[in-house]
Amino acid sequence: MAEIRFFGYLADIVGARAKEVKLEKPVALREILPPSFPEKNIIILINQKAGRLDSLIQNQDQVALMPVLSGG
Amino acid sequence: MKGYAGKLLRVNLSNGKISKEEISDSMKRDFLGGRGFAVKLLWDEVRHADPLSEKNKLIFATGPLTGQSIPSSGKMVIASKSPLTGGYGDGNIGTMASVYLKKAGYDVVVVEGKSEKPCYLLIEDENVRIVEAFELWGKNTFEAQDLLEKKHGKNSGILLTGPAGENLIGFSTVMSQRGRAGGRPGMGAVMGSKRLKAIVIKGTGSIVNFDENKLQEMGKKGYAEIKGKSNYDFWMKQGTMQAFDWANENACLPTYNYREGVFELSKEMDGYVVEKLHAGRKGCPLCNMQCGHIIRDSSGQEAELDYENVGMLGPNIGLGNLPKVALLNRMADEWGLDTISLGSCIGFIMEASERGLIAEKIKWGDFEAAQKLIIEIGKGEGLGKLFSHGVKVAAETIGKGSQKWAMQVKGLEISAYNCHACPGMALAFGTSPIGAHHKEAWIIAWEIANDRFSYNKPKVEKLIEFQRIRGGFFESATVCRLPWVEVSFGVDWYPEYLEAITGERKSWEDIYRLGDRIYNLIRAFWIREVPSFGRKWDYPPDRWFEETQSGGKMKGIKVDREKYEQMLSWYYELRGWDQKGIPLKETLEGLGLRGVSQEMIGQVG
């Protein structure tokens with residue numbers, strides 16, 4: 001299983017703060033996100049390293065998707 | 001030039017003289033407003049003054065965008081030579097006072113001298129009076145606001161100092177509207193030193209803009225665009241508190257005096273808890289994305305929260321209960337104490353107690369002790385006396401290596417982001433021109449999104465770009481940056497607004513140059529006013545270089561000192577400064593600061 005966690009308004013878009021996805025083979029991250037998911041101003045961390053929507057995800061990966069906040 | 005009220009109001013509290021001066025077009029073009037006006041005035045008029053003496057001046061400055069019918073424009077900048085840091089200090093505040101000041105006919109108020117008796121300044125359009133304030137002196141900022149509203153009506157813009165400012169506490173702020181605060185580096189203490197309890201402003205005029213119809217149309221479009229943003233609804237639910245679990249996830253939540261970046265009780269107090277406890281919302285005038293979230297504190301009273309005050313008065317002192325944090329925050333607002341510096345002082349005290357460096361036994365998360373400390377710090381009594389000028393001075397007094405974990409830069413306590421694993425943000429705090437503050441260059445999200453562990457020149461270039469826009473343009477325009485940075489409202493709206501208001505077109509190249517002029521003048525002020533100023537003043541505390549977090553995802557990571565030095569060298573090079581951090585003569589003169597360069601002969605690189 002790959003674990004995907006969503007922060008801020010991104011959690012509202014997908015309707016969950018976390019999801020577990022069972023993958024038969026590595027897939028691009030964008031393929032397991034809803035079509036309405038924003039492509040800009042987001043932080044993608046895959047196993048704590050910066051990633052992209054085209055990065056391949058496989059079982060055991062930990063993915064965190066966050067908005068680019070400003071810190072007030 | 002259009003879009004300005006056009007006048008500077010000068011009030012001397014020593015002799016009671018009140019005068020009004022025209023603001024020149026060259027001043028408007030070269031320094032724009034707000035912070036730009038403030039640093040120009042301080043450079044010209046405050047030399048080698050004790051910050052708490054009558055020789056220091058306190059500036060309240062708006063900009064051309066202030067009070068206009070455009071998103072989140074109810075801001076002003078309050079600036080002075082800082083009693084906390086000894087250098088340039090300022091802060092912005094959102095308040096009706098900003099709007100009414102321009103309506104009354106003034107862009108700027110300069111307060112000089114020192115009154116013999118407590119007083120307040122009453123500005124009613126062209127009528128300006130200094131009024132005795134015996135009945136207000138000693139009142140907290142909520143009580144004093146109520147009394148002044150009762151006397152002058154709710155249609156007054158009111159700026160106040162609290163008891164902490166009266167007691168000259170180094171990190172006392174200027175307060176307004178029961179919870180709006182500005183001027184972290186002791187602007188409230190400068191007010192207190194002048195025995196100026198408040199400024200009350202009533203304005204009924206209007207500003208003449210270059211193209212009012214276009215401005216109104218663009219203003220409406222701007223408000224509508226903000227409301228239509230995909231993250232707007234979530235922002236309205238959590239505001240800046242959405243950063244809480246974000247910071248915890250990224251191991252940069254200030255925890256136990258910045259020893260850690262992950263707090264075990266974070267789920268008890270994050271943005272989702274704010275949603276559950278929601279009791280209202282507060283904000284600044286002319287804003288449709290208010291950032292202040294109100295909950296009932298542990299005594300049942302309303303308190304306004306945002307990320308910075310929760311981070312610093314929560315995990316940083318080991319307190320994991322949001323209503324209790326809210327009560328501490330409300331106390332700080334009543335006393336007129338900066339919540340970031342206050343949380344840093346209390347965290348430092350708890351760590352010093354744990355290490356046996358002070359006699360008092362105060363454990364992490366001790367809510368009763370924290371309340372007692374706020375009162376002692378506000379009064380400057382007991383243990384509070386030691387911390388009345390922040391953690392830098394306290395650590396120098398305590399010694400025994402405590403300077404390494406006194407979390408400050410240039411004497412100003414660090415805002416609520418732990419940077420063991422964020423070297424770019426550490427540099428942003430290091431080079432912030434008022435001391436460690438997040439408003440200048442919040443690069444942390446950008447560096448996490450790209451490569452948080454790298455130390456490279458593009459990161460430094462990005463940091464300077466943020467400083468130019470955030471610390472240069474927004475602080476001078478003077479308008480809130482949150483629509484841009486929080487809900488992605490297009491930054492290109494702002495030159496358009498500026499053109500409709502003033503009639504003058506500014507390219508981004510012009511705006512960056514303006515920002516550079518302001519940053520260089522602030523730097524020159526520090527160099528002139530602080531004899532020991534130089535490269536070491538741009539270092540963050542040793543804790544980030546020498547210690548690592550004990551747990552969490554960034555366990556074992558720290559800032560590499562040698563690589564930090566390399567980034568700082570790139571920063572100086574890109575700024576046109578020498579390797580001591582002193583602006584080069586050609587840099588100053590290239591920015592039109594020839595007079596500054598000449599005054600600094602022998603000091604400039």
Side-chain angles (χ1 to χ4, degrees), chain A residues 1-23 26-72, chain B residues 229-252 270-272 291 306-309 311 415-417 421 425 428 437-439 441-454 466 470 480-488 553-554 557:
Chain A
M1 300 279 257
E3 184 192 41
I4 309 177
R5 289 183 305 131
F6 303 91
F7 290 80
Y9 80 105
L10 302 178
D12 280 7
I13 288 175
V14 297
R17 292 171 69 183
K19 278 186 174 180
E20 288 193 333
V21 186
K22 192 173 180 183
L23 300 168
V27 297
L29 176 59
R30 71 166 73 247
E31 289 179 32
I32 50 180
L33 296 172
S36 60
F37 203 81
E39 300 209 353
K40 290 181 179 173
N41 291 325
I42 56 170
I43 296 173
I44 301 168
L45 296 178
I46 302 167
N47 305 321
Q48 287 303 310
K49 289 186 178 164
R52 293 177 290 116
L53 286 171
D54 293 324
S55 299
L56 292 178
I57 306 300
Q58 55 192 351
N59 289 334
Q60 310 305 322
D61 280 347
Q62 292 196 325
V63 180
L65 296 163
M66 310 171 182
V68 176
L69 300 183
S70 83
Chain B
K229 289 289 181 185
S230 56
N231 47 357
Y232 179 80
D233 290 345
F234 193 82
W235 167 264
M236 294 305 281
K237 287 192 287 185
Q238 294 197 4
T240 59
M241 275 299 289
Q242 66 180 304
F244 197 89
D245 65 342
W246 187 99
N248 198 58
E249 170 68 16
N250 288 309
C252 49
D270 64 14
Y272 292 95
C291 59
D306 69 25
Y307 169 74
E308 294 291 337
N309 53 46
S415 316
Y417 300 93
M425 192 66 208
H437 195 47
H438 57 287
K439 73 178 175 183
W442 204 79
I443 197 173
I444 191 167
W446 184 89
E447 77 172 330
I448 289 171
N450 289 281
D451 180 3
R452 69 187 296 176
F453 304 113
S454 69
F466 279 137
R470 294 173 64 121
C480 182
R481 65 185 175 272
L482 293 195
W484 166 49
V485 297
E486 295 288 8
V487 300
S488 304
K553 289 168 182 164
M554 293 298 133
I557 308 284

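First the proteins, then the strands, lettered A, B, ... as listed; each starts at 1.
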With a 4.5 angstrom heavy-atom cut-off, which part of [X] approaches chain A: side chain, backbone, both or neither?
X        : value
B:Ser488 : side chain
B:Gln238 : neither
B:Tyr272 : side chain

Approximate separation, where rounding is to 0.5 Å, of [X] [atom1] and [Y] [atom2]:
X        : Y       : atom1 : atom2 : result
B:Asn231 : A:Ile42 : CG    : CD1   : 12.0 Å
B:Lys237 : A:Asp12 : NZ    : CG    : 3.5 Å
B:Ile448 : A:Ile44 : CD1   : CD1   : 14.0 Å
B:Tyr307 : A:Leu69 : OH    : CG    : 10.0 Å

Looking only at A:Pro38, A:Ala64, A:Pro67, the option with the highest number of non-hydrogen pairs under 4.5 Å against chain B is A:Pro67
Heavy atoms only: give me the nearest A:Ala50-B:Asn450 pair and the separation to one decimal. CB-O, 2.9 Å
Chain A contacts, top residue of B:Ala445, B:Cys291, B:Ala247, B:Gly239 (heavy-atom pairs, under 4.5 Å): B:Ala445
Show, in sequence, the C-alpha distance, side-chain angles and deciding distance for A:Met66 and B:Asn250, and conclude whether the side-chain contact (heavy atoms from CB on, under 4.5 Å) test is met. CA-CA 10 Å; A:Met66 310 171 182; B:Asn250 288 309; 3.3 Å; yes
Contacting region of A:Arg52 [heavy-atom separation from chain B under 4.5 Å]: neither
Give a yes or no on whether a salt bridge exists between B:Asp245 and A:Arg5, defined as a side-chain N under 4.0 angstrom from a carboxylate O. no
